[in-house]
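This chain uses plain numbering: 1 for the first residue, then up along the sequence.
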Amino acid sequence: MGILEKISEIEKEIARTQKNKATEYHLGLLKAKLAKYRAQLLEPSKSSSSKGEGFDVMKSGDARVALIGFPSVGKSTFLSLMTSTASEAASYEFTTLTCIPGVIEYKGANIQLLDLPGIIEGAAQGKGRGRQVIAVARTADVVIMMLDATKGEVQRSLLEKELESVGIRLNKHKPNIYFKPKKGGGISFNSTVTLTQCSEKLVQLILHEYSILTRRVLFREDCSPDEFIDVIVGNRVYMPCLYVYNKIDQISMEEVDRLARKPDSVVISCGMKLNLDYLLEMLWEYLALTCIYTKKRGQRPDFTDAIILRKGASVEHVCHRIHRSLASQFKYALVWGTSTKYSPQRVGLTHTMEHEDVIQIVKK
């Protein structure tokens with residue numbers, strides 16, 4: 001029996017097993033086996049005989065956004081509207097057959113936007129060009145899931161399932177579980193909270209399935225068996241996702257209102273160029289970027305060339321971005337902006353910068 005058949009059998013058994021106290025250990029083991037087989041499925045094949053057009057795109061700009069969706073939902077039209085790149089768009093499916101990069105220039109930042117070929121159901125098992133598409137999506141900072149507003153919620157649930165099965169966790173945080181090897185003494189299990197989904201016995205059964213005999217495990221939050229398996233596997237990617245419903249000009253106002261009120265969702269129309277500005281604002285928020293401006297002594301700040309950093313970046317991060325040796329020669333910095341109590345304020349390397357702050361660095 002091949003890996004695909006084994007995965008299919010386990011999925012069927014999970015579906016027909018009732019969820020209650022008596023079956024929680026059995027379900028936990030099934031989920032552990034399922035995660036193992038899916039990991040094997042994603043490993044690259046040893047035979048490199050089939051050579052085709054590559055998907056690898058060099059990472060450039062200040063952030064990377066992956067555009068994922070089923071065929072003919074408007075991804076190529078969206079890329080052409082938002083960037084200066086022209087991606088072939090047509091009314092038939094599978095117009096885009098490889099990864100097409102473009103750059104969105106917004107608030108002084110260059111955001112790389114990747115138009116990926118349309119995903120089909122079963123992409124995680126390698127159908128279509130699913131595996132290459134998903135591999136590129138794992139390298140992004142944010143995923144834009146483009147959906148057809150005329151098709152309701154079907155596309156969203158199918159895409160979430162495909163991405164979930166290959167270890168991409170959308171709008172979720174990493175489980176707060178301490179999981180470290182130790183020299184001996186078996187499994188050391190503890191928790192700082194009351195556990196309602198996992199027990200010590202279930203944790204030991206799951207670890208036994210992975211042939212792990214000695215580990216220190218500490219649950220710092222009430223996690224499910226799936227989240228614990230994610231921690232064991234260790235290659236999961238946690239990233240923010242924006243659900244973008246396109247073609248809202250073809251549905252009723254009531255349906256537009258319902259979709260717009262869903263969490264992490266934006267409604268647009270590429271055909272009529274509706275709500276694209278708001279989508280850019282939301283994208284900027286999800287990327288968590290900040291613009292920092294520099295200033296030389298006795299001169300006005302340079303507002304034409306911003307340093308783009310992640311939210312929560314310190315003065316030390318600014319120094320490293322300007323020059324790698326600047327932090328070692330640092331004496332103090334003067335900062336103007338919302339991160340200071342008064343302007344200018346003299347700060348050290350650990351001071352946290354905020355959006356549109358101005359900094360002047362003084363060397364020793």
Checklist entry - Would you call Arg258 and Glu254 a salt bridge, using N to O less than 4.0 angstrom? => result no

Next on the checklist: For Leu218, I'd like to know if atom CG has over 12 heavy atoms of other residues, nucleotides or ligands within 6.0 Å.
Outcome noted: yes

Checklist entry - When rounded to the nearest 0.5 angstrom, what is the spacing between OH in Tyr245 and CD in Gln155? => result 9.5 Å

Item to check | Flag, side chain of Thr340 to backbone of Ser343, donor-acceptor distance under 3.5 Å | outcome: no

Checklist entry - Same hydrophobic cluster for Leu349 and Val335, using side-chain heavy-atom links shorter than 4.5 Å among ILVMFWY? => result yes

Checklist entry - Does CD in Gln299 sit with more than 12 non-hydrogen atoms of other residues, nucleotides or ligands closer than 6.0 Å? => result yes

Checklist entry - Val362 and Arg297: side chain to side chain contact (heavy atoms under 4.5 Å, CB included), yes or no, with the steps? => result CA-CA 9 Å; Val362 179; Arg297 186 180 290 178; 3.6 Å; yes

Item to check | Leu170 CG to Ile68 CD1 distance, which is reported to the nearest 0.5 Å | outcome: 8.0 Å

Checklist entry - Should the heavy atoms of other residues, nucleotides or ligands under 6.0 Å from NZ of Lys247 be counted, would the total exceed 12? => result yes

Checklist entry - Which distance, rounded to the nearest 0.5 Å, do you find between the NE2 of His317 and the CD1 of Ile307? => result 13.0 Å

Checklist entry - Leu334 and Gln345: side chain to side chain contact (heavy atoms under 4.5 Å, CB included), yes or no, with the steps? => result CA-CA 5 Å; Leu334 294 172; Gln345 183 176 322; over 6 Å; no

Item to check | Partner of Asp230 under side-chain hydrogen bond (donor to acceptor under 3.5 Å, both in side chains), chosen from Lys172, Lys174, Arg236 | outcome: Arg236

Checklist entry - Do the side-chain N and O atoms of Tyr286 and Asp264 include a donor-acceptor pair separated by under 3.5 angstrom? => result yes

Checklist entry - Does Ser269 reach the main-chain N or O of Leu274 with its side chain, forming a donor-acceptor pair under 3.5 Å? => result no

Checklist entry - Is Lys6 salt-bridged to Glu9, going by a charged N under 4.0 Å from an acidic O? => result no

Next on the checklist: Can you tell me if Tyr278 has over 12 outside heavy atoms packed within less than 6.0 Å of its OH?
Outcome noted: no

Checklist entry - Could you walk me through whether Phe219 and Phe228 pass the side chain to side chain contact (heavy atoms under 4.5 Å, CB included) check? => result CA-CA 9 Å; Phe219 277 68; Phe228 179 57; 3.8 Å; yes

Item to check | Note, Phe70 side chain near Val154 side chain (heavy atom, < 4.5 Å) | outcome: no

Next on the checklist: Between Glu227 and Ser224 (side chain of the first, backbone of the second, donor and acceptor by atom type, cut-off under 3.5 Å), is there such a pair?
Outcome noted: yes

Item to check | Side-chain heavy-atom pair Cys270, Phe78 within 4.5 angstrom cut-off | outcome: yes

Checklist entry - Does a sphere of radius 6.0 Å around NZ in Lys363 hold more than 12 heavy atoms from other residues, nucleotides or ligands, not counting ones at 6.0 Å or beyond? => result no

Next on the checklist: Side chains of Glu164 and Arg169, heavy atoms from C-beta outward: is any pair under 4.5 Å?
Outcome noted: yes

Next on the checklist: For a side chain to side chain contact (heavy atoms under 4.5 Å, CB included) check, start with the C-alpha distance between Gln360 and Lys296, then their side-chain angles and the critical distance, and finish with the verdict.
Outcome noted: CA-CA 6 Å; Gln360 178 187 315; Lys296 291 181 180 176; over 6 Å; no

Checklist entry - Can you tell me how far the CD1 atom of Ile361 sits from the OG1 atom of Thr294, to the nearest 0.5 Å? => result 8.0 Å

Checklist entry - Below 4.5 Å, heavy atoms only, C-beta onward: do Ser314 and Thr350 meet side chain to side chain? => result no

Checklist entry - With side chains defined as the heavy atoms from C-beta onward, is the minimum distance between Ile308 and Asn110 less than 4.5 Å? => result no

Item to check | Side-chain heavy-atom pair Arg220, Tyr178 within 4.5 angstrom cut-off | outcome: yes

Checklist entry - Can you tell me how far the NZ atom of Lys295 sits from the CD1 atom of Ile359, to the nearest 0.5 Å? => result 12.0 Å

Next on the checklist: Taking the side chain as everything from C-beta on, heavy atoms only, tell me whether Met353 gets closer than 4.5 Å to Val315.
Outcome noted: yes

Checklist entry - Between Asp222 and Gln197, is any pair of side-chain heavy atoms under 4.5 Å apart? => result yes

Item to check | Flag if over 12 foreign heavy atoms under 6.0 Å of CD, Glu200 | outcome: yes

Checklist entry - Side chains of Glu153 and Tyr243: is there a donor and an acceptor less than 3.5 Å apart? => result no

Checklist entry - In Å and rounded to the nearest 0.5 Å, what is the CG to CG distance from Asp148 to Asn246? => result 7.0 Å

Checklist entry - If you measure only the distance, is there a donor-acceptor pair under 3.5 Å linking the side chains of Glu354 and Thr338? => result yes

